[in-house]
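Worksheet: the structure to be examined is printed underneath.
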Amino acid sequence: MSPTRAVLDGYVRLRQQVAVMLELARSGEWDALIERQSDYLQLADRLRQLDKEAVLDPEGLQRKAELLEAILADDLAIREQLMARRSELGHLMDTSRRQRDLHRSYGKQAASVVDASDKFGPGTP
C-alpha cells in the first residue's frame, strides 16, 4: 500500500474510532471510552509518522481535510460530554461533602436534612 493510501486509510480509521468514542461518551460508558482513547492515541501516533512520508494530491488533501473536520467536530462533542460529566461528579462530591459535614456535626439527624435537600432543593429543612 502506498504511503498516500495508508494515510487516508489511517484518517478513516481515526474518524471511525472517534465516532465510537463519541457514542460511548453519550451513553455514559466512561471506562470503555478511556480504553478506546488509548487505541485512538496509538493510531494517531502511527498516522503522524505516515503523514510525514505521504505526499497527497489535491483530491487527497481535500479528503484528509474533510476527515479532520469530522474528527475535530466529534472531539469537541466528546469534550462537551466530559465537561458535563465533570460537573455532575462535582455536584456529587459537593453533596457527599455536605452529607459528611452534617453527619459529623449532627449525627443521625443530618441524614434526613441532606435527603430532603436532594429531593426538594436547597433550603428545604
Side-chain angles (χ1 to χ4, degrees):
M1 179 181 298
S2 73
T4 300
R5 187 74 231 153
V7 165
L8 291 177
D9 287 350
Y11 279 104
V12 168
R13 285 193 311 275
L14 200 62
R15 169 68 180 103
Q16 292 167 341
Q17 183 77 341
V18 79
V20 169
M21 290 170 61
L22 178 56
E23 288 307 311
L24 290 171
R26 286 181 174 153
S27 63
E29 297 181 41
W30 306 112
D31 291 337
L33 175 64
I34 291 169
E35 289 175 21
R36 287 284 183 151
Q37 183 181 17
S38 168
D39 296 338
Y40 172 85
L41 292 173
Q42 290 175 1
L43 182 57
D45 282 342
R46 281 185 296 212
L47 186 54
R48 200 171 296 119
Q49 293 302 317
L50 286 173
D51 211 1
K52 290 178 185 177
E53 300 169 12
V55 178
L56 300 175
D57 60 12
E59 188 177 301
L61 287 171
Q62 178 64 33
R63 178 69 178 136
K64 177 182 168 182
E66 291 167 358
L67 289 165
L68 279 171
E69 187 175 322
I71 290 166
L72 292 174
D74 282 355
D75 183 65
L76 178 60
I78 291 168
R79 289 174 191 266
E80 290 169 352
Q81 293 288 320
L82 289 171
M83 296 295 285
R85 177 65 175 160
R86 184 177 75 176
S87 178
E88 178 185 331
L89 290 174
H91 175 71
L92 290 172
M93 288 173 58
D94 287 344
T95 300
S96 177
R97 189 175 16 256
R98 277 185 307 166
Q99 195 171 31
R100 183 191 67 229
D101 292 346
L102 285 170
H103 186 69
R104 284 182 185 159
S105 298
Y106 300 105
K108 291 182 181 180
Q109 295 172 348
S112 63
V113 171
V114 171
D115 288 341
S117 172
D118 288 342
K119 289 180 186 173
F120 302 107
T124 303

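All values below come from the heavy atoms of this structure, side chains included, with hydrogens, waters and symmetry mates left out.
Put simply, Ile34 and Val18 are part of two different groups of oily side chains (I, L, V, M, F, W, Y) that touch within less than 4.5 Å, one to the next. Linking Ile, Leu, Val, Met, Phe, Trp and Tyr residues whenever their side-chain heavy atoms come within less than 4.5 Å places Leu41 and Leu67 in a single cluster. If you chain together hydrophobic residues whose side chains sit under 4.5 Å apart, Leu76 and Tyr11 never meet in one group.
Side chain of Thr4 to backbone of Val55: a donor-acceptor contact under 3.5 angstrom is found. Between the Ser96 side chain and the Leu92 main chain, no donor and acceptor come within less than 3.5 Å of each other.
Residue Gln62 forms a side-chain contact (heavy atoms from CB on, under 4.5 Å) with just one option from Glu59, Glu66, Lys64, and that option is Glu66.
Nearest heavy atoms, Leu8 versus Gly60: CD2-O, 3.6 Å. In terms of heavy-atom proximity, Arg36 sits nearest to Leu24 at CG-CD1, 3.6 Å. Nearest heavy atoms, Gln37 versus Met21: CA-CE, 3.9 Å.
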Review point. Between Arg97 and Asp94, does a salt bridge (Lys or Arg N to Asp or Glu O under 4.0 Å) hold up when you go through it step by step?
Key: CA-CA 5 Å; Arg97 189 175 16 256; Asp94 287 344; 2.6 Å; yes
Practice item. Could you please spell out the steps behind the side-chain contact (heavy atoms from CB on, under 4.5 Å) verdict for Glu53 and Val7? Key: CA-CA 9 Å; Glu53 300 169 12; Val7 165; over 6 Å; no
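For the atom pair CZ (Arg46) and CG (Leu14), the distance works out to 10.0 Å, reported to the nearest 0.5 Å. The line from CG of Leu68 to CZ of Arg15 is 11.0 Å long, rounded to the nearest 0.5 Å.
Between Gln17 and Ile71, every side-chain heavy-atom pair lies at or beyond the 4.5 Å cut-off. Using a 4.5 Å heavy-atom cutoff, the side chains of Arg86 and Leu89 are not in contact. Side-chain atoms of Arg63 and Leu56, non-hydrogen and from C-beta on, never get closer than 4.5 Å to each other. Within the 4.5 Å cutoff, the side chain of Leu33 has no heavy atoms near those of the Gln81 side chain.
When the shell of 6.0 Å around CG of Asp45 is examined, it contains more than 12 heavy atoms from other residues, nucleotides or ligands. Counting heavy-atom neighbours within 6.0 Å of Glu69 CD, excluding the residue itself, gives a total of 12 or less. Other residues, nucleotides and ligands contribute at most 12 non-hydrogen atoms within 6.0 Å of the CZ atom of Arg79.
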